[in-house]
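Whatever order the structure lists them in is the order used to number ligands and atoms, beginning at 1.
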Amino acid sequence: MKRSILGAAAVLLRGALAANVTCSGTFSPISAASFIAKLNPGWNLGNTLDATETEGSWNNPPVVGSTFDDIKAAGYKSVRLPVTYAYHFTSSSPDWTVNATWLQRVSDVVDMITARGFYTVVNVHHDSWVWADITAAGANITQIEERFYKLWYQIGTKLACKGSMVAFEPINEPPGTTAAHGEEQNKLNNIFLQAINDAGGFNSERVVTLVGLGEDGAKTNLYFKKPDTKFKNPWAIQYHYYSPYDFIFGAWGKTTWGSDADKASLEADLAAVRGNFTDIPLVIGEWAASPVATETSARWRYFDFFLRTAAKYNTSTILWDNGADFLNRATHTWRDTVALSILKHAAKGTVNSLPDSTTDGSATSQFSSAYIYHQLNSTVSDASLPFLFNGNTLRSAKLAGKTLKSGTDYKVSGSNITFTSAFLTPILGTVTKPGSIANVTLSFSAGADLLVNVLAYQLPTSSTLGATSSKLPATSADLAIPVTWPSQNRPAAIKATESNGAYLEDDWTQYLGPLQQGRLTYNNHWDWDADHVILKSAVLDAVRSAGRSTTFGIEFYPRSLGNVVNYTVTV
Ligand SMILES: *[C@@H]1O[C@H](CO)[C@@H](O)[C@H](O)[C@H]1NC(C)=O
Ligand SMILES: *[C@@H]1O[C@H](CO)[C@@H](O)[C@H](O)[C@H]1NC(C)=O
Ligand SMILES: *[C@@H]1O[C@H](CO)[C@@H](O)[C@H](O)[C@H]1NC(C)=O
Ligand SMILES: *[C@@H]1O[C@H](CO)[C@@H](O)[C@H](O)[C@H]1NC(C)=O
Ligand SMILES: *[C@@H]1O[C@H](CO)[C@@H](O)[C@H](O)[C@H]1NC(C)=O
Ligand SMILES: *[C@@H]1O[C@H](CO)[C@@H](O)[C@H](O)[C@H]1NC(C)=O
Ligand SMILES: *[C@@H]1O[C@H](CO)[C@@H](O)[C@H](O)[C@H]1NC(C)=O
Ligand SMILES: *[C@@H]1O[C@H](CO)[C@@H](O)[C@H](O)[C@H]1NC(C)=O
Ligand SMILES: *[C@@H]1O[C@H](CO)[C@@H](O)[C@H](O)[C@H]1NC(C)=O
């Protein structure tokens, strides 16, 4: 029998505490549409208060105010604050008391954010998989609802008097796949609203961003229901977008992005959410294309297209930054200044020019106009790079602050910018080691400045790696292979072939293009550090279960079938 959402909530909340907090300050009500429009573009304080078990447990130290100064200076208008409470409860059922020190820390960080004029969206984060997973085997749904109510009552109490620039989001990416899961998530949205309204203060007028299953657009389209009309909170829908998976997460050698099909697919996804929720403010509360996982030109093109498409469908965006992606919090510098600038210009609606790059998945090599790749010891010749001017004209090209001479140092012909051998020879002629030699800054009549990274490389040889083979370790562990980088200081892709010719992982990749067949997935299967290529234990476990020696073809940029060195793990 189908229980009504309200009936169930009423049962749950029998004996619930009456609206409690009374605030002394004032609250300037804001509509959800206005809140969502004004928070654009936003930035996520990722892997920080959401880390398990606590702030500082992952790759970032506890946040300091200057990080928000950096975000302000970069032009962001909002900060989403993910918070995990799972390891901060000091009692269990029925009270689920949250450690007062932790609630105070959350409140203090909210103040650090709003003191700088940011809008903020505060959520409950990895609790979604630690205890609030309604899909877990044996999940006690009654208890999840009880705990969820009590948690939000306490957060709602603690943050009750925060101003109208503070919004709440009930739960991050709640697991679920079925209509029944979807119905339960709609109920949890109502329980959340009940809890914050019961807590009192300004919460009844506070903006909330409600969520569907997984904060996935398609599942939100299918199952999301409007909250009960008894709640007067202005509300928006928040969803997340990390698509296509293979490009965003560096899977299966997918280092290109930007074909007509790639663009159509992205646009269809965003259009569908807008199409289902024509009159509801929408925010993509997480998205990213990180420099650690994506090719530079493809990433810049993705940033530009994603942001313009979101704007086309009247959807605000909040970039995910786990601390290793974009802002280097320790040095206060941005790892990809061009992406940041593309974002700022796209948010304003200014047209950006972009480097062209391979988009054809069946190609056997990949070019990228974000680079002049110079093979060491080869003759320096003109380098002709195609660009997508998008109606702009090139204003200047500069190297270390010095303006290059049009006609002698470079020429523009059609959509190509050609850097002459006369210009490149003094830069490259004396280079003996691989690596980035210089960056040329291109400025256009409008939009972001671009960088062209002049990068020397050599084809790898057996001496690129500290060894070319090893015996499969007896126990499950990562394998760090010493490397002298022959190009960029990271692999482009890794292909794993068993001694019988079979692909070690994801056999279906045989149907992909030659630069993707048999390729592994970044981070799950391989990684790198300053001077190692790392094969992860999961992939060595796969070798163990296959029982066959396996050759890992470690590929570098620029991508072509020959830019590879083999490493064999023998069984
Ligand atoms: C009411 O709110 C105050 C904080 O404003 C809190 O200390 C108190 O515990 C709350 N009362 C109940 C019954 O939750
Ligand atoms: C609350 O958290 C603080 C800081 O982590 C800790 O020192 C304290 O012991 C915790 N209190 C309880 C009751 O667990
Ligand atoms: C489920 O949770 C409720 C609320 O905490 C509790 O009363 C009940 O005993 C739990 N059921 C089981 C089977 O653990
Ligand atoms: C609503 O969402 C579904 C599922 O994502 C999609 O197929 C459909 O086209 C969307 N409707 C509109 C009007 O965009
Ligand atoms: C954007 O959407 C909001 C509703 O969320 C609406 O109020 C506003 O008029 C829309 N703006 C444009 C430019 O379509
Ligand atoms: C480049 O040439 C120099 C001198 O001829 C030689 O020592 C060096 O090994 C060569 N480097 C590469 C990568 O071929
Ligand atoms: C543009 O550059 C590409 C790649 O270097 C080259 O193949 C093409 O011929 C160039 N076109 C012009 C008009 O220079
Ligand atoms: C060129 O810029 C990239 C970042 O876009 C940086 O990693 C590289 O070190 C720079 N090269 C030089 C020579 O400064
Ligand atoms: C690298 O290994 C692959 C797969 O085993 C093989 O096809 C290729 O010939 C090897 N390349 C070299 C240079 O040994």
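- The T90 neighbourhood of ligand 2 comprises atoms 12 (C), 13 (C), 14 (O), with distances under 4.0 Å to a heavy atom of that residue.
- Between F247 and Y302, the distance separating the two ring centers is shorter than 6.0 angstrom.
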Let me see the working for E295 and T256 under side chain to side chain donor-acceptor pair (under 3.5 Å), right down to the final yes or no.
CA-CA 7 Å; E295 194 280 327; T256 64; over 6 Å; no

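- Set against the non-hydrogen atoms of N99, the atoms of ligand 2 under 4.0 Å away are 1 (C), 2 (O), 3 (C), 8 (C), 10 (C), 11 (N), 12 (C), 14 (O).
- In this structure, the side-chain contact (heavy atoms from CB on, under 4.5 Å) partners of T509, at least two apart in sequence or on a different chain, are W252, Y503, D506, L512.
- Side-chain contact of S476 with D541: a donor-acceptor pair under 3.5 Å is present, judged by distance alone.
- Counted by atom type alone, S128 and N172 present zero donor-acceptor pairs between their side chains at under 3.5 Å.
- Considering only residues two or more places apart in sequence or on other chains, S57 meets the side-chain contact (heavy atoms from CB on, under 4.5 Å) condition with A51, T54.
- Screening residues 356-376 for ring pair (Phe, Tyr, Trp, His ring centres under 6.0 Å) gives Y371-Y373 as the qualifying pairs, with residues at least two apart or on separate chains.
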Tabulate distances under 3.5 Å between N/O atoms of ligand 9 and N/O atoms of the protein, writing both atom names on each line.
| residue | atom | partner | partner atom | Å |
| --- | --- | --- | --- | --- |
| ligand 9 | 2 (O) | N566 | OD1 | 3.4 |
| ligand 9 | 2 (O) | N566 | ND2 | 2.3 |
| ligand 9 | 11 (N) | N566 | ND2 | 2.8 |
| ligand 9 | 14 (O) | N566 | ND2 | 3.3 |

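- Here is the list of ligand 7 atoms found below 4.0 Å of a heavy atom in N416: 1 (C), 2 (O), 3 (C), 8 (C), 10 (C), 11 (N), 12 (C), 14 (O).
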